[in-house]
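Numbers restart at 1 for each chain; the letters A, B, ... are given by sequence-line order, proteins then strands.
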Amino acid sequence: MSQTPVLALRGIFKRFGAVQVLSGVDLEVHAGEVVALVGDNGAGKSTLVKTIAGVHPIDEGVIEWEGRPVSVSRPQDSQHLGVATVYQDLALCDNLDVVANLFLGRELKKGGVLDEVAMEKRAKDLLSTLSIRIPSVRIPVAALSGGQRQVVAIARALVGDPKIVILDEPTAALGVEQTAQVLDLVERLREQGLGVILISHNMADVKAVADTVAVLRLGRNNGTFPVATTTHEEIIAAITGATDNAVTRRKARTAEAAQ
Amino acid sequence: MSQTPVLALRGIFKRFGAVQVLSGVDLEVHAGEVVALVGDNGAGKSTLVKTIAGVHPIDEGVIEWEGRPVSVSRPQDSQHLGVATVYQDLALCDNLDVVANLFLGRELKKGGVLDEVAMEKRAKDLLSTLSIRIPSVRIPVAALSGGQRQVVAIARALVGDPKIVILDEPTAALGVEQTAQVLDLVERLREQGLGVILISHNMADVKAVADTVAVLRLGRNNGTFPVATTTHEEIIAAITGATDNAVTRRKARTAEAAQ
Amino acid sequence: GQAGGGDSEEKGSSTKIGLLLPENKTARYESLDKPQFEKAVKAACGDCEVVYNNAVADVVKQKQQFDQLIADGVKVVALDPVDSAKAAGWVKEAQGKGVKVVAYDRAIEGADAYVSHDNNKVGELQGQALLAALGDKAATAQIVMINGDEKDPNAGLFKKGAHTALDGKVGKVAYEASGEWDPKVAGEKMAAAISSVGKDKIGAVYSANDGMAGGIITSLENAGIKGIPVGGQDAEVAGIQRIVAGTQTFTIYKSPLQLAPEAAKFAVNLLQGKDLGAQGETDGVKSTLFAPVVVDKTNIQSTVVKDGIYAAADICSADLAAKCAELGIK
Amino acid sequence: MSTTPKADEKAQVPEPRTPEAAAVPAVDPRLLVRERGIKGYADEFKRKIRSGEIGSLPVVVGLIVIGVVFQALTGNFITSYNLDQITLYAAGPGIMAVGIVFVLLLGEIDLAVGSVAGLAGSVWGVLATDMPDSLAILLGILSGTLLGAFHGLVFAKIGVPAFVVTLAGFLGWAGLQTWVMGEKSTIPTPIGSFVGDLTKYYFSDVAAAYGLAVVVVAAFYLAQLRDSSRRRAAELPHRPQSEILLRTGLLAVLVLVAAYGFNQEKGLPLSLVIFLVILLVTDFVLRRTTYGRQVFAVGGGIEAARRAGINVAWIRISVFMISGTLGAVGGLFLASATGGADRSLGGGNQLMMCIAAAVIGGTSLFGGRGKVWSALLGILVLQSIVQGLNQLNLESNAIQYMITGAVLLIAVIIDSVSRKTQKSAGRA
Amino acid sequence: MSTTPKADEKAQVPEPRTPEAAAVPAVDPRLLVRERGIKGYADEFKRKIRSGEIGSLPVVVGLIVIGVVFQALTGNFITSYNLDQITLYAAGPGIMAVGIVFVLLLGEIDLAVGSVAGLAGSVWGVLATDMPDSLAILLGILSGTLLGAFHGLVFAKIGVPAFVVTLAGFLGWAGLQTWVMGEKSTIPTPIGSFVGDLTKYYFSDVAAAYGLAVVVVAAFYLAQLRDSSRRRAAELPHRPQSEILLRTGLLAVLVLVAAYGFNQEKGLPLSLVIFLVILLVTDFVLRRTTYGRQVFAVGGGIEAARRAGINVAWIRISVFMISGTLGAVGGLFLASATGGADRSLGGGNQLMMCIAAAVIGGTSLFGGRGKVWSALLGILVLQSIVQGLNQLNLESNAIQYMITGAVLLIAVIIDSVSRKTQKSAGRA
Ligand SMILES: Nc1ncnc2c1ncn2[C@@H]1O[C@H](COP(=O)(O)OP(=O)(O)OP(=O)(O)O)[C@@H](O)[C@H]1O
Ligand SMILES: Nc1ncnc2c1ncn2[C@@H]1O[C@H](COP(=O)(O)OP(=O)(O)OP(=O)(O)O)[C@@H](O)[C@H]1O
Ligand SMILES: [Mg+2]
Ligand SMILES: [Mg+2]
């Protein structure tokens, strides 16, 4: 792992109207590192990655890229740096077909004209890598199932040549097989030396692929843990802010009932 | 468990354009039973529950309610029977606030006029039951995080007095604590004698709360299993259609690496 | 009377005369009528001031403008109504407040004075001119009539007048429709007329004004029809140019040089309480009606050029120079 | 908190098994709350300005700017006479704009409203000559309702885009209007007809205007007070007394000044009273009834509304019926203001002005956001511009058009800029 | 399969670690495929009709119905003279409608296109008297581009809804037009001006029309063939030879009949050639370039497009520039057809007709769906109705308006009903 992080956030503040969503959040991602960003619903995870992706400008704080502070005010800025983002709400164009969505903004061309044949072929290859069946790559994404849409969004991030890949709950809608493929993919990305930010509510997945877990709670950092040496319970306690929470209670109850 | 199922589907067919999505699907739900509907991405799970909910009319087949065949062509029909549905894509009105969304179609009134005060109070109670923090119940749902929206959609299904509750991947976007609360909720619903259809890709959740698992594969039934006597692996094999799949391969690999 | 509290007598100003014109799609109102009217008022009453507005063919707007003048204490208004029938009501109201109204160009029931070119007469003249141009072919000729906009009450008068002159004297009116005062619509109607009547069967075309005649003539040229009489109205420069070029036969000239000064005279006299000096009476309203003039190849020089409405240079562009010389326009 | 017991039963939710589970507060601790006292208000106001949550403020500011500019240019723009005139001519298009607001809330558009107004005016005009006045008026208005129902049916049931249905209506009804008028190009208002009174009758007793003003202010105050106390009783956030007083005070000043203005001239105009009644009723319907809620829901997302069991087709049809009805009422006002029905009634720029009024007032073209009050504010802006420009006596009317366009643009630019801030602050 | 190496590099994706993982086919086995031979076609056609995926078929059917009905009513509707006249008057509004299609693809509307056309016509008219013809034409068209850029800037950068910006433009530019025209109400086309030729010039050589027809058909055939063979080489689904031949055959019949018709009259009209060139170029831009793809993306979802790194503001501005430019070109055609620039050029129902043409042709008002060919089909429908009704010689335009409204509605109802089936089949 390199010394300067590829991407570093320092003291990020973000407010929407009367809600102070982020208050002084720090985060570091190194090349070849998978950072899991976890936290309760509404903790501010998606808002944080959207500031990195240039969707919302930050109010205060510094975004550093390979050690230098950069300004990210539009999605283009972030893409030019080399950040590929898979949003929680997917952000696909419903009227365009799968191929057009996959290559949107990075179309393959031949003599200045769109090379539909090449794009269609590449799209099929990409999608089979992720083990998904789609009726036809030429139907509008509006007609796809939840999981199919999610896979298309993930595949989008792989077109291009990113240095950091941000995945905001990529496996939420995926089947068991597709989830396994995505986890495989994350590991491949790490092996290729990319930095990955993975947001997930699934602790098993997080423990399986992440190197570091950064916990966000009510818009503030609530600890960063190396995965290898941290237990499930410790992470959940950091997320919920209490060792006595609905999860532990439920577990206790189920255990009782099982006896 | 009663003898006649509350809801029974017999030989449901559904086609979209050139895609034959469902081919002769059967499903039964009894009072006080939690049926987990599982299947690969694009298997047709959401399409199936949408036909029950009256979003899409079926092409062929019979829907039986308490033993009698009924026609369900509009969402109202389904609601009048007593089906409450939480859709995978949530189906909230982005411009309305949380309170208005929760009570949409079932507003509390006082002398013919909307009783905003009563609704707001009830909304707060409902949401705290599900352990969610929302900046204010008076902001439009468009401003909510993915998990917050999902909880609002789940809470919507509890307003009213359903006999069957359909939950299409209700915990996909939820945090650990909220997931636990929703699983608790499902158990409470069963105890109250309601039938529940739960769609989920999370086998742990399915095994925790379901009584029966119905597997859908490529738009056809691929077995119905009692949870108590079925293993994880059997279900996954039914879903993927093979015992050698990405999940088992990944597991094998990870196990190897761990040694 | 800023606060509007005072009664109308105090607010009255004896130096303002209102002039309300109906639309601005025809250039004549703002380029001729208005300046001529102002000039004549200045000449007759040194310290009088003309307050002008244009309704852009909108009745509601004209009513507001009318009310505004009265509120500003104007005592005499020269009104060219968008809708004469409605204006009758306004006039009654205004008269109740001691305001006098000169009906300008279009008759208003109950007005204090009326100056116009008789619109019915305009239509008749158009019909007669068309008959004259047809000569002895008239009795068998099939006529195409493109009228003005049905929504414009004056268009109905032109149409009625033309029918008075034409009916029974021409072979038949083979096609008649409204061109909505729009050259494009008129052109399209002409194309349809050609299609249904037949290219070589059309004897003459009546166009309610020069603007539409432009579109009509383009359509005729397109179908290769030449040399049939086409008449218009308004003596627009483009119309005069077509007459010179020989594509249009005649137009009707309603000289604002007569209308505006006469209306100005009436207005000033009403303002100063003098005798009107009207030439006659129409429907109980003291009036002066000028005869409209048919302008064709022969009298361009003696009408519009002589009156100074257009200089010869306005009409005689480079490509028309030879023909101008031939017609003696200078 | 008191609710009808029936509704109460329906909203039953299984009680949580473990009472402690409900311990998490539903409210986010990150929500910034206003500090107490004046400083709190000032802070909040500053924050709201900065983040663009300022409601109708830009339009109101725009209105003031227009007033000041024209006063400076003409020297006598801010007069009670002008107030009266603006109100009088604003009523008709304003009422039509209220109908447009309903349609815009669905995210649709009604291009036929002008033609409907014209046709309704003609129907009334033709019938009024051989029928009792009230019957003719009723039939005129009903004709509008019917046309609206037709638009709604074709849109909702056949699925033709509303834009196209009403475009066809725009052409077709204008034709029908000419046909209904027959030979006549104008039918002057019969003497003694109520339609004449619509813009001519004034409650000339000074007490009328002041009385109405007082009643409005008192009703506003009491409604606010009652709401606040119910919310307090239910332990919900509520407006403090001081804020209610402040709001009531502002309203009182505005309303009393207007009343004073009207009394300086001819008294309280009937047209204003009718317009206000329509505004109040429609506002109530939209904000306080199930129907209104459903209109917003359909505007916010058809699929979501449909899945919530709302009868989308009925909402669409009824909204177009409302628009048609209000269009017809507006048509009678237009006829009244100009002295009768005519062939061009409702034509010209009438349609564009109504739509512009609704949009300038802040109702979104994309559905789901807006209030009927935007019709009032918007039409006041537009009518003030018309009045002011008429007063300026511009050399050429060409310039008048250009200025109208420019002012329209500027008015909306102010609004858009403020909303843009709002958007970047995540609230649009 | 050959791609530019650069793009190839960018699209790199990590190879799957376990090759077997890629074994799952990306195509769903539930996709119904067409059987071979005629039966397959018949089946697919039936299915498509039933599920409403029939593209422009309803409009084409509508056009045929209109032709037959008017032929029955007038006895001489289907004539080469009428074909010629319809083409001539359709070119101007049709070109304007192409611009509208671009704007509609964004989900926006351009209400100013008529006024822009009028202003551009006047600019050209005024300048043509003392400038070389070509310069005047260029400046006229540029004035349209400029106005479009203005609309686009205010919309994209300030955030004023396009509806309002162009509404302001609709008023403002019409005023400016009157002002530009100055004293004159009409400026006749100078003799010899190219604008005159726009609707007057014909390639009277019989070979021209037939030649163009053959070139078009051949080009179509070759393009289809090439695409199909490239797809086959890449192992993607492709059109079989037989289908390509069928399509080419249909096109050939249509085009040759039209050519024959034109040759019966004065030959191939220049206006048609220009209109077709504009259609072909814009169609190419929309379907085969990155720019076109981005236009569709913005129309489908602004936020998604923005996040994909598309410069949404630039797309918006440029689309309004295109609309302004094409509006100006259309304005010159209008001037040409009526014999010169005039004050009412581009006014009246021109605007509504252009928008209606685009919509009737099948372009969605809600963005993201449509083709430029809808401008051609739509304007042909409308202009045929106008020509046919004009030929019927109805006494009053009132009835004509009503019929236009009704026919417009019926045309779209057919379309909507078919699309409704489509929607319930999940493809809308
Ligand atoms: N409106 C539609 N038009 C065409 N095809 C559709 C439409 N809706 C769904 N499909 C297709 O039907 C299939 C089943 O979709 P469905 O949403 O039911 O899947 P699912 O089992 O819910 O999957 P997931 O787990 O990903 O949510 C998919 O292949 C999808 O592409
Ligand atoms: N545009 C907005 N306007 C106002 N508040 C917002 C907006 N976007 C997000 N918020 C608020 O910010 C908080 C954080 O939202 P965010 O989407 O970042 O949560 P998250 O951590 O991603 O949650 P989840 O796990 O549910 O996706 C939430 O309370 C949400 O209501
Ligand atoms: Mg999130
Ligand atoms: Mg699904």
Q: Take atom CZ of Arg220(B) as the centre, draw a 6.0 Å sphere, and report whether it contains more than 12 heavy atoms from other residues, nucleotides or ligands.
A: no
Q | Which of Ser145(B), Gly44(B), Gly39(B), Ala173(B) touches chain A most, by non-hydrogen pairs under 4.5 Å | A | Ala173(B)
Q. Can you name the one residue among Ile235(A), Asp40(A), Ile236(A) that meets side-chain contact (heavy atoms from CB on, under 4.5 Å) with Val176(B)?
A. Ile236(A)
Q. Would you say the side-chain atoms of Asn41(A) pair up with the backbone N or O of Gly175(B), donor to acceptor, closer than 3.5 Å?
A. yes
Q. In Å, rounded to the nearest 0.5 Å, how long is the span from NE2 of His201(B) to OG1 of Thr171(A)?
A. 10.0 Å
Q: Kindly determine whether Ile239(B) and Glu177(A) satisfy side-chain contact (heavy atoms from CB on, under 4.5 Å), including the steps that lead there.
A: CA-CA 9 Å; Ile239(B) 292 173; Glu177(A) 183 155 15; over 6 Å; no
**Q.** Residue Leu174(B) versus chain A: region with a heavy atom under 4.5 Å
**A.** both
